[in-house]
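Below is one structure, written out as structure tokens; comments come after it.
Scope of the values below: all heavy atoms of this structure, side chains included, with no hydrogens, waters or symmetry mates.
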Number of protein chains: 2
Amino acid sequence: MSAVRLRDIAERLGLSVTTVSRALAGYSDVAEQTRQLVLQTAQEMGYYPNLTARHLQRQRTDTIGFVVDIFGPRFSDPLFSELLAGIGNLAAREGFDLLVATTPPDTDDEVEAYRRLVRGRRVDGLILVRTRVADRRVQFLLEQQFPFVTFGRSTGAERFSWVDVDGERGVYEVVNRLIAVGHQRIALLQPDLPIMFARFRERGYRAAMAHHDLPVNESWIVHEALTEDGGYRGMQRLLELPSPPTAVLTNNDQMAIGAIRALQERGLRAGHDVAVVGFDDIPLARHIHPALTTLRQPIYQIGQHLCRTLIALIRGELDEPFHLLLQPEIVVRESARL
Amino acid sequence: MSAVRLRDIAERLGLSVTTVSRALAGYSDVAEQTRQLVLQTAQEMGYYPNLTARHLQRQRTDTIGFVVDIFGPRFSDPLFSELLAGIGNLAAREGFDLLVATTPPDTDDEVEAYRRLVRGRRVDGLILVRTRVADRRVQFLLEQQFPFVTFGRSTGAERFSWVDVDGERGVYEVVNRLIAVGHQRIALLQPDLPIMFARFRERGYRAAMAHHDLPVNESWIVHEALTEDGGYRGMQRLLELPSPPTAVLTNNDQMAIGAIRALQERGLRAGHDVAVVGFDDIPLARHIHPALTTLRQPIYQIGQHLCRTLIALIRGELDEPFHLLLQPEIVVRESARL
DNA sequence: CTGTTAGCGCTTTCAT
DNA sequence: ATGAAAGCGCTAACAG
């Protein structure tokens, strides 16, 4: 168990630590015979480099950081594992470790988590998700000139790399299609936090309504948590309006599912009495009843893009900030006929 | 941006690095005045310790590792984020970082990931989930005498710490109750991998059937992926049997949802024509229609238990392996009336 | 080709 | 109360 070090190999072979190191690293200025000997001995002795020591010496950690907003103890997010898979698989392939920190959003803990990772040189770069309006994390990383990539754009003209899904356009299209099939009172279930993607989507919503000269009743825009419960409550509030909307767009599939339940409880059917559109297209979406009409985000690929971009940035291979705006795919199923 | 080191503070103040280090660490053998000066200067200069250097010196990383099995690119697991939240929040509170590695299960990559973390002394301990029959990861960690905790027991009499949910008893109870309300042909949707929890659950299933002298038709035990699609396919196979089961137990809620869809496609209703029981009680379970009858695992708390135990182990505060067997809670909703 | 030397930034005896 | 020195395990510049 006691760890074998370069020195142990060197002493055994009567070589210097340097030579052993270079033999293992495959440098060309080591005699073939020596190299073989070293390789074999290292194998025999079960040598494995101490990564911490290597990191200190190389002045990099070969690690990327990912700070996750956690909303309460029941943080159940089907997208999250898929995003992590995308990031993690690519990171592993490129020889990077992934450090995940969990914090409640927009708190002092969150700030401290970032400080720790950045200032403590704990990681070489950061991936940041769910960008917020006037995002202090973005601000901080920009100040620190620390490599990072975000999933989602931010306010201001900051120059940094991001990957995003064009929710504005996606929602614009969906609202157009809802209007085309006869809807006029269209509601939008928004999150209860100033998340950027929701702003863009709302913009698309308003643009489409305006485009058709349809008025937007502000009580159609309801703010709730991005959960099933949030969607449920939001839909309830909408149903209590004097003349409820006939179509509802939500900010994720969980909200849509909650909304559908609120409808069912009143004897209404999603897709018949009220159209419900989700966002994300989690695997569950096509299996529930009624199957969810939704806007797909290719989340695994987004994870890969984020990771690939960050690694390029860390390696200094990126001269300009990288921007990628993906188009969401409208997936029509039963909860809204389009 | 250039990192401030202890030496920079020392030089500025005309002190030695040693004194600065001790002042910052709060040692008592530093003059109060000196301490104040150091603290203030460190603050001014924006000092933050280089964690890698500290780790190398202290011979520990204050990091725990978590290797996640990833099944294909659409790895969407609502439980996963919740487990991670439980682990991560507690780790952060105790001053530990969390390193997450993603690998496909039971491959050479997986073995290499463990080797790397353990032999490279990349982390101080590991959390391992979904223990498998004859689990080579457990074997490896035991050989290496490396601190680890598992979610799930394993075969053999290995002495290591684990947290588990008593699926055997939970399923036993559920089957009893299904039988009590008249079911006799009861099926079990198993995973397509040799995961320990499925073995225990199957044991509970067989015990309950035997207890009531009911025969078990081996074609009622179907092996599929732990996904909605898996549940869907499994249910289809069951429905093709000459006399299909009237009740189905699944190994997670996603499978149950897939199974319900297979029923619906044939015009059958879960909870009326066929009873469907899930496992886990993900937040979605109560929002879909029909609402899922299921066995709840308190997954966030399990994450905390795992993390707490591992940290105790790392700190040498654990003399005996720690074992915790939690009872799942039967949550009766619409998909199976019990 | 191989070894010597220096150093990554920190902590920790051990003197003084 | 403070500092000098050693060392964690590795890599790299520079001699020879």
Using side-chain contact (heavy atoms from CB on, under 4.5 Å) as the criterion, point out the one residue from A/L117, A/L128, A/V129 that pairs with A/V67.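 Exactly one option meets the side-chain contact (heavy atoms from CB on, under 4.5 Å) with A/V67, and it is A/L117.
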Separation of [N] [atom2] from [X] [atom1] (nearest whole Å):
X     : N      : atom1 : atom2 : value
A/H55 : D/dG9  : NE2   : C1'   : 12 Å
A/R60 : D/dT11 : CZ    : C1'   : 11 Å
A/E11 : D/dG9  : CD    : P     : 12 Å
B/R54 : C/dC8  : CZ    : P     : 18 Å
A/L6  : D/dG9  : CG    : P     : 10 Å
B/R7  : C/dT11 : CZ    : C1'   : 16 Å
B/L56 : C/dT12 : CG    : P     : 13 Å
A/R5  : D/dG9  : CZ    : P     : 5 Å

So, does [X] get its side chain near the phosphate of [N], meaning an N or O under 4.0 Å from OP1 or OP2?
X     : N      : result
A/Q33 : C/dC1  : no
B/R58 : C/dC10 : no
B/Y27 : C/dT12 : yes
B/T34 : D/dT2  : yes
B/Y47 : C/dC10 : yes

Given [options], the nucleotide with the shortest approach to the side chain of [X]:
X     : options               : value
B/T18 : D/dC10, D/dA5, C/dT11 : D/dA5
B/Q59 : D/dC8, D/dC10, D/dA1  : D/dC8
A/S16 : D/dA1, D/dG7, C/dT4   : C/dT4
B/R22 : D/dG3, C/dC8, D/dC8   : D/dG3
B/N50 : C/dG3, C/dC10, D/dT2  : C/dC10
A/A31 : C/dC1, C/dC8, C/dC10  : C/dC1
A/S21 : C/dG3, D/dT11, C/dT11 : D/dT11
A/Q57 : D/dT11, D/dT2, C/dT11 : D/dT11
A/P49 : D/dC8, D/dT2, D/dC10  : D/dC10

Assess whether a salt bridge exists between B/R115 and B/E110, defined as any Lys/Arg side-chain N lying under 4.0 Å from an Asp/Glu carboxylate O.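 Salt bridge: no.
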Salt-bridged, B/R7 to B/E11, with N to O below 4.0 Å?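 Yes, charged N to carboxylate O under 4.0 Å.
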At under 4.0 Å between heavy atoms, what does B/G14 touch on the DNA or RNA strands: base, sugar-phosphate, or nothing?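 Sugar-phosphate contact only.
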Kindly state whether the ring of A/F151 and the ring of A/F197 have centres lying under 6.0 angstrom apart.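 Between A/F197 and A/F151, which both carry aromatic rings, the centre distance is not below 6.0 Å.
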In terms of the angle between their ring planes, are B/W162 and B/H323 parallel, tilted or perpendicular, with boundaries placed at 30° and 60°?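 Ring orientation of B/W162 relative to B/H323: parallel.
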May I ask you to check whether B/Y47 and B/D8 show a side-chain donor-acceptor distance below 3.5 Å?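 Side-chain D/A pair, B/Y47 to B/D8: absent.
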Quick check: on DNA chain D, is the nucleotide nearest B/L15 upstream (toward 5') of the one nearest A/L51, or the reverse? Name the residue that is more 5'.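 It is B/L15, whose closest nucleotide lies nearer the 5' terminus.
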